[in-house]
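Here the structure is laid out as structure tokens; the discussion comes afterwards.
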Amino acid sequence: MRHLLSIDDLDREAIERILDRAKTFTDVSEREIKKVPALRGRRVLNLFYEASTRTRSSFELAAKSLSADVINFAASGSAVDKGESLKDTVQTLSAYRPDLIVIRTPFVGAAQLVANWTTAGVVNAGDGKHEHPTQALLDVYTLRERLGTLEDKNIWIVGDITHSRVARSCILAFQKMGAKVTVAGPPTLIPRGMEAMCEVAYDLDRLPEADVVYALRMQHERMTDSFVPSLREYAAVYQIDGRRLGARQVLMHPGPVNRGVELSAEVIDSPQAVIGQQVEAGVVVRMAVLYELLTGRSAPKPALTTAVPA
Amino acid sequence: MLDHRPTESADVLIRGAHVLDPRTGMDERLDVLVRNGEIAQIGENLQADVEVIDGGGRHLFPGFVDPHVHLRVPGQEHKEDLESGTRSAAAGGFVAVVAMPNTTPTVDSAPVLRSLREQARREARIPVGFLASITQGLAGEALTEMAELRQCGALGFTDDGKPVHRAGILRKALQYQKLVGGIIALHEEDPTLSGRGVMHEGVVSARLGLAGIPSISESTLIARDAAIAGYEGGRIHIQHLSARESVEAIAEAKSRGVKITCEASPHHLTLTDEAVAEKLDTRLKMNPPLRTEEDRQALIAGLKDGTIDCIATDHAPHAREEKEVPFEQAPMGTTGLETAFAAVYTADILPLALIVEKLSAGAPLMGLPTPEIAVGHAADLVLIDLDAEWEVGAQGYESRSENCCFAGRRLKGKVVTTIAAGGIVFRQRELAAV
């Protein structure tokens, strides 16, 4: 495997291989010297066109824990602000000979494009509303730790599905692992055509069927586009609170949480919530992804290929 | 009202081609003699002391007419110019094209149109007609000086690229049409429904996380405008139909006697949104977007039953750097002149005679003469080798731009020679065998 652009790049076996390896990395953080030399001498370039705290820092930590060298390239304050195109930026940065580029952009398919323009491996750390595959992997990891297996589990993803790359990657990953996925949210925030991917519900009446409730962040800017009339109304219909969350259900959230909007404070702090475990899993899962992509292949060839628009 | 640079009148004998003219019913192997740019003789075993073009194993059709192209002049010559655009048209077998006014500046005043026509008389390889905009600067607010624009040779009017969003403005344009004549061609799309959509709204856009353009964005505006045209007795032409609901709206309007015609593009007849999912190729991003198989079948059926009047390419060139960006950032549009016939023919969706007919049926809708293979007519002919297979883009394009949605596909049917307005405007390049 050269790139991780979509969960569709992985079959169940590959997901399990990566997550098994992630498990073996858990003890690294427990050591006094939190570092192993697995990727010594490898260069990882973080190229982030969107604000990100936990994804970027966990990729950085993952790379450093494996002894790789990390360069962080934030789009603001760089040549991008001077109008440099994505293609030129990627080709310029490729001249630094990174072994791997971790990229987040607000644009669907951008990671795929970058993969066409560089000889480095590429990890999609979020491309617009399309996918965020490492998030889905760490979610599967967290659920395996909690439930043992995802086979035949009922997983409900609740909230703004339209604008969520997390939802798209999670649907694919959970299904590959044998789970049954339902998305629920306001009809204005579930795109037409979603029913081809999974079950769709517009209310939470059947939520008690769920083994896992995965709440998504409700973005404030959605109000201005009239997707929902008010946060108050959204919370009244879709907030996961103590009444809606059953004692045996597992609660997940990709963060950052809007307390009092998609989740009530009581459930965030409840034993059902695995939100902290998700963050923790982020580092080991990303270590495993870097390991998967960077070992067993030689350093990239210097020749750059110029691709036609793809 | 058509302009092109002076051409040498052809004297050629096209020998032994299968001559097919769906309108006259001619459908047999014949010789066609062109003298002084006119069709002088049609028959068997013709002899003349002129250049002979071997038509053996090839088909001779009346030349194609495209009622919808973007030649990007003035102001966007980095995408296309009159010379390259009409060379591209000639290479696709077109003998006349109609250029859209969404240029920089907009073709919305007599001086702009006059200078454009003058430029076409110097640069255009084949005859070009021009539509002027309905509203000044395509802003959708104030009508252009339609009478003067018509006097200067505008074939009609369109705000193509944008809808005429305000019903009252369209109504006034249709009222004015009673005075000035000329077609009013409409790009139908409700911006409040299209939103920031970049592809067809459906299963594929949901999966990709791309904002969708729903079919009803097009069909609802067609229904509105058909009602206005019916009320005013005006004549409208609907551009680039893409959705099943739109075909139904047109059929309904036609059944009520509304003077409404429409066109469909080769890409909407042969590709669907599934192709977009394959690799998010920005060459497949156009407006209206590629829709579903059901929509594609509705367009094909519409052409067969006459609901859809003609095929138009909506040739929309964009520079490489403009298209070499993420899908959401890329401009809408695909080139299409060089691939129009071959794409439709290869897809095997319509009888050959119907393809040929629909590829020139846009002419009368724009007030232009329909090419015909008959003695005494100006030679507007295209000679095609139906069996020749080629890979789109493998040998480059005549167009200045390379954003062709069929790039990399193998198509059947290659234009060998095009004769437009009596002059030979395209000859297939003969490559030496290696």
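Residue numbers begin at 1 in each chain, while the letters A, B, ... track the order of the sequences.
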Report task. Give, as side chain, backbone, both or neither, the part of A:R192 having an atom under 4.5 angstrom from any heavy atom of chain B. Result -> both

Query raised in the report: What are the residues of residues 328-337 of chain B, in order of number, with any heavy atom under 4.5 angstrom from a heavy atom of chain A?
Result: B:E328, B:Q329

Query raised in the report: What part of A:S164 is in contact with chain B, defined as an atom under 4.5 angstrom from a non-hydrogen atom: side chain, backbone, both or neither?
Result: neither

Query raised in the report: Considering residues, nucleotides and ligands other than B:R196, do more than 12 of their heavy atoms fall under 6.0 Å from its CZ?
Result: no

Identify every side-chain donor-acceptor pair in residues 177-189 of chain A under 3.5 Å, counting partners at least two apart or on other chains, and give the distances.
{"unit_1": "A:T188", "atom_1": "OG1", "unit_2": "A:F227", "atom_2": "O", "d": "2.5"}

Report task. Find the one option among A:E195, A:R165, A:E131 whose heavy-atom pairs under 4.5 Å with chain B are most numerous. Result -> A:E131

Query raised in the report: Below 4.5 Å, heavy atoms only, C-beta onward: do B:P326 and A:L86 meet side chain to side chain?
Result: yes

Requested in this report: For B:R224, look at atom CZ and say whether over 12 heavy atoms of other residues, nucleotides or ligands are found less than 6.0 Å away.
Outcome: yes

Report task. Can you tell which part of A:D88 gets under 4.5 Å to a heavy atom of chain B, answering side chain, backbone, both or neither? Result -> neither

Query raised in the report: Can you list the residues that meet the salt bridge (charged side-chain N to carboxylate O under 4.0 Å, His left out) rule with B:E248, with sequence neighbours excluded?
Result: B:R244

Query raised in the report: A:L172 versus chain B, heavy atoms under 4.5 Å apart: side chain, backbone, both or neither?
Result: side chain

Query raised in the report: Relative to chain B, which segment of A:M197 carries a heavy atom at a distance below 4.5 Å: side chain, backbone, both, or neither?
Result: side chain

Query raised in the report: Residue by residue, which of residues 202-215 of chain B have a heavy atom closer than 4.5 Å to a heavy atom belonging to chain A?
Result: B:G202, B:V203, B:A206, B:R207, B:L208, B:G209, B:L210

**Report entry** Sub-4.5 Å side-chain heavy-atom contact between B:L280 and A:V108
**Finding:** yes

Query raised in the report: From B:E324 CD over to A:K87 NZ, what is the distance, rounded to the nearest 0.5 angstrom?
Result: 3.0 Å

